Amino acid sequence: MRKNHQSIRTTLYLALTGLASLTFMACHDDDVEEAVKVEADYIGQAVGNFSADEWYPGGRQGTTDNVSAGCYEDETPAVNAMGLMEAFNKGEAFFERNYNMGTPPFNGLGPAAVRKSCLDCHPAYGHGKRVDRYTASWGNGYLLVVYHPNSPGSDDGPYVSEVTGMPQTIGTSPFLAPIDEDQIQLEWKQLTAMESGIPMTFADGEKYELIYPELYIPREAFNTNPTPYETGDVAFRLESTIGIIGTGLIDAIPDDSIKAQYQREAPYVDLNPAMWDKAANDWAPTALYTANGVNRIKKFTYACTRGSLQDGAGANAIWNITNVSRSDRPYLYSTNAWAKKMSETPSVIAAIKANPASPYYADGTEAGISEAVYGLLSPGTNQFDNKWHNFEPEMSDINFWAFMVWHRGLAIPRARNLNDPEVQRGKQVFNEIGCATCHRPRWQTTTDDYWAPNIITANHLALPRYQNQTIYPYTDMVQHRLFMKNGIHGSWCRTTPLWGRGLSKINTGAEDRLHDCRARNEIEAIMWHGYSKESDAYESTLKFYHLSKKDRDAVVKFLQAI
């Protein structure tokens, strides 16, 4: 039987530690050897301004001791404790494998898709990487955002309806992709000055550089009828995938605790009116996410569009990224505008006409093929009743359950170097300049009364559970506005958890940060928070700017440790 991830990696880690110790001894590097020994002496104990709990950011049931390359893939101790390791390993395969048109259980991918696999967008399970050219390939963690701006240059405005909300650039033969990615123009621009007036050189002479993306997709790239250009002005943004480690623990944070956080912040900062009714000091009606008669507070994705992990980020993505249908979503992720264009495209009709075995062949006439193409590719007005939409689900209920066991079972790596006085100083400064106001360190899970869809509960299947855990994700679970140049679509962005990000480099090969990976390191990420005086984080950024280099470095070291 396959050993679990943690035991394999712990064995490897101990072996490497032993080899490292021999190397240290051979080189007589006493300082490095002592540093390794000292940390080992303190793990799990209170040290300096860190509590014993803070070594385990996901609590004892949600943290892996592995801090080496590959640790983002580890299961939580809860997975093993609940006997869910076999399902976790199976679910992992659904995340990692490429999907195709006809090889169960990895069939899907069509006839249009965003990526061939989930892993493409989450390289090594981490946050997306910055790229210089948009292609639907491994490592590109970006999703395109295509919208009608409220005004020229605005980050706000409704998504266009001609392409899907997560626009697709893969088309399977004989169909054309809704967007021809070869025509997508992406350029990284150098920022020359901060709108807020904060200098781009620290007082001690150290400079920092900031870059931001400019994205343009011409009319000719859209294989839709109509194109978005025919229904209004069009604007574009990039949005990177978030890290997926520890998402089950985030799901376990009680809604009442999140409500209390909103109430604490409401007197001091503007909150998204779509989430919070300031006059009533309570949730706005649109903050509620209802599924199967159960209300949950929207807390997943940058835009807080989903209220439960089990019907949230990953549960949604396995359907709309790879276009894999299941019993609760037995229809395509597509648009009428794309279906119409494909039903009118001569090369599509000709290819189907030459293949009587095609499901789009109908009566073999051009008119019949055109009708079948439009009927089958269209999402339909009623996916459960339309004559064209009676698809056999591609992912079984049991396989979806395994996928959710894996998703909810991903661990957070243990913290590192908390015994280092510089890391301790970094934590102190982080708190003093106000970063912890939004990046709230500590939360408590309670009963973890998670919601799950009928396809899981009807089969009496369990998911990893995190009861009464003290966790340290470093997020307030609230949306704020930073007003960056070419910022995030919708302006409001949920505070991103910081835990585990210090291990991004050894896991993914990159340490890009922020919603579109514009920040190539921690300093750039912090300084982007102060681009505008309107930013909720402007004052904290200004305080960071005035720190000594020693204290700036300490804050960075702290961020890399948690």
Side-chain angles (χ1 to χ4, degrees), residues 3-14 17 38-68 70-89 91-92 125 243-254 257-258 309 404-419 423-424 427 439-450 462-475 477 497-503 507 558 560-562:
K3 292 174 71 176
N4 68 62
H5 292 64
Q6 290 198 53
S7 64
I8 292 171
R9 293 192 177 104
T10 300
T11 302
L12 179 61
Y13 173 73
L14 292 173
T17 302
V38 166
E39 181 181 78
D41 289 343
Y42 283 103
I43 292 171
Q45 299 179 30
V47 57
N49 54 0
F50 289 98
S51 68
D53 286 342
E54 288 176 87
W55 288 99
Y56 300 93
R60 296 289 179 153
Q61 286 302 303
T63 305
T64 173
D65 278 312
N66 179 22
V67 294
S68 59
C71 62
Y72 283 0
E73 302 174 31
D74 281 2
E75 73 285 350
T76 63
V79 170
N80 274 302
M82 294 180 65
L84 295 171
M85 197 63 218
E86 184 177 348
F88 180 92
N89 288 335
E92 180 179 69
Y125 291 53
I244 54 177
I245 53 175
T247 41
L249 292 153
I250 293 292
D251 196 45
I253 296 174
S257 299
I258 299 174
L309 184 65
M404 294 315 302
V405 167
W406 165 85
H407 199 354
R408 207 171 204 271
L410 286 171
I412 280 292
R414 176 180 55 73
R416 289 81 51 210
N417 304 319
L418 304 189
N419 55 296
V423 172
Q424 295 168 16
K427 178 185 179 182
H439 288 285
R440 169 182 166 176
R442 181 178 178 275
W443 290 85
Q444 186 76 30
T445 70
T446 53
T447 58
D448 189 12
D449 182 23
Y450 63 76
L463 296 172
R465 200 169 185 178
Y466 307 100
Q467 295 178 300
N468 304 313
Q469 300 294 296
T470 301
I471 64 174
Y472 293 84
Y474 283 86
T475 173
M477 301 298 291
L498 299 178
W499 58 359
R501 293 299 305 278
L503 294 168
N507 277 281
F558 162 70
Q560 292 173 343
I562 59 174

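Computed from a predicted model, the values in this text were never measured in an experiment.
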Check the pair Y56, T64 against side chain to side chain contact (heavy atoms under 4.5 Å, CB included), reporting the backbone distance first and the verdict last. CA-CA 8 Å; Y56 300 93; T64 173; over 6 Å; no

As a quick check of understanding, evaluate side chain to side chain contact (heavy atoms under 4.5 Å, CB included) for E54 and K427, giving each step before the final call. CA-CA 12 Å; E54 288 176 87; K427 178 185 179 182; 3.0 Å; yes

Taking [X] for its side chain and [Y] for its backbone only, find out whether a donor-acceptor pair lies under 3.5 Å.
{"X": "N507", "Y": "G70", "value": "yes"}
{"X": "R414", "Y": "G58", "value": "no"}
{"X": "W55", "Y": "Y42", "value": "yes"}
{"X": "Q469", "Y": "Q61", "value": "yes"}

Set of residues satisfying ring-ring contact (aromatic ring centres under 6.0 Å, His included) with respect to F558, sequence neighbours excluded: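 Residues passing ring-ring contact (aromatic ring centres under 6.0 Å, His included) with F558: F430, Y474.
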
Side-chain H-bond candidate by donor/acceptor type, E92 with Y125, under 3.5 Å: yes

Consider only side-chain N and O atoms of N66 and S68, and report whether a donor and an acceptor are under 3.5 Å apart. yes

Given side chains that start at C-beta, do those of [X] and [Y] come closer than 4.5 Å, heavy atoms only?
{"X": "P413", "Y": "I245", "result": "yes"}
{"X": "T76", "Y": "T63", "result": "no"}
{"X": "M477", "Y": "I250", "result": "yes"}
{"X": "I244", "Y": "L410", "result": "yes"}
{"X": "R416", "Y": "L503", "result": "yes"}

Please report the closest heavy-atom contact between [X] and [Y], naming both atoms and the distance.
{"X": "A52", "Y": "G44", "answer": "CB-O, 3.4 Å"}
{"X": "W499", "Y": "G246", "answer": "CZ2-O, 3.5 Å"}
{"X": "P57", "Y": "A415", "answer": "CD-N, 3.8 Å"}

Can you name the side chain to side chain donor-acceptor pair (under 3.5 Å) partners of [X], sequence neighbours left out?
{"X": "Q424", "value": "none"}
{"X": "Y72", "value": "none"}
{"X": "D251", "value": "Q310, R408"}

Side chain to side chain contact (heavy atoms under 4.5 Å, CB included) between F50 and Q45, worked out: CA-CA 9 Å; F50 289 98; Q45 299 179 30; over 6 Å; no

Just verifying a value: how many Å separate [X] [atom1] and [Y] [atom2], rounded to the nearest 0.5 Å?
{"X": "T445", "Y": "Q467", "atom1": "OG1", "atom2": "CD", "value": "7.5 Å"}
{"X": "E39", "Y": "N419", "atom1": "CD", "atom2": "CG", "value": "5.5 Å"}
{"X": "M404", "Y": "Y450", "atom1": "CE", "atom2": "OH", "value": "10.5 Å"}

Using side chain to side chain contact (heavy atoms under 4.5 Å, CB included), reason through L463 and H407 one step at a time and then give a plain yes or no. CA-CA 10 Å; L463 296 172; H407 199 354; over 6 Å; no

Which residue is it: L309, I471, D448? I am looking for the one with a side-chain contact (heavy atoms from CB on, under 4.5 Å) to L249.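 With L249 as partner, L309, I471, D448 yield a single side-chain contact (heavy atoms from CB on, under 4.5 Å), made by I471.
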
Do the rings of W406 and F88 sit parallel, tilted or perpendicular, given the 30° and 60° boundaries? tilted

With T470 via side-chain contact (heavy atoms from CB on, under 4.5 Å) - residues at least two apart: D53, R442, Q444, Y472

Under the side-chain contact (heavy atoms from CB on, under 4.5 Å) rule, collect the residues that match up with R440, sequence neighbours excluded. Q261, R264, W443, D476

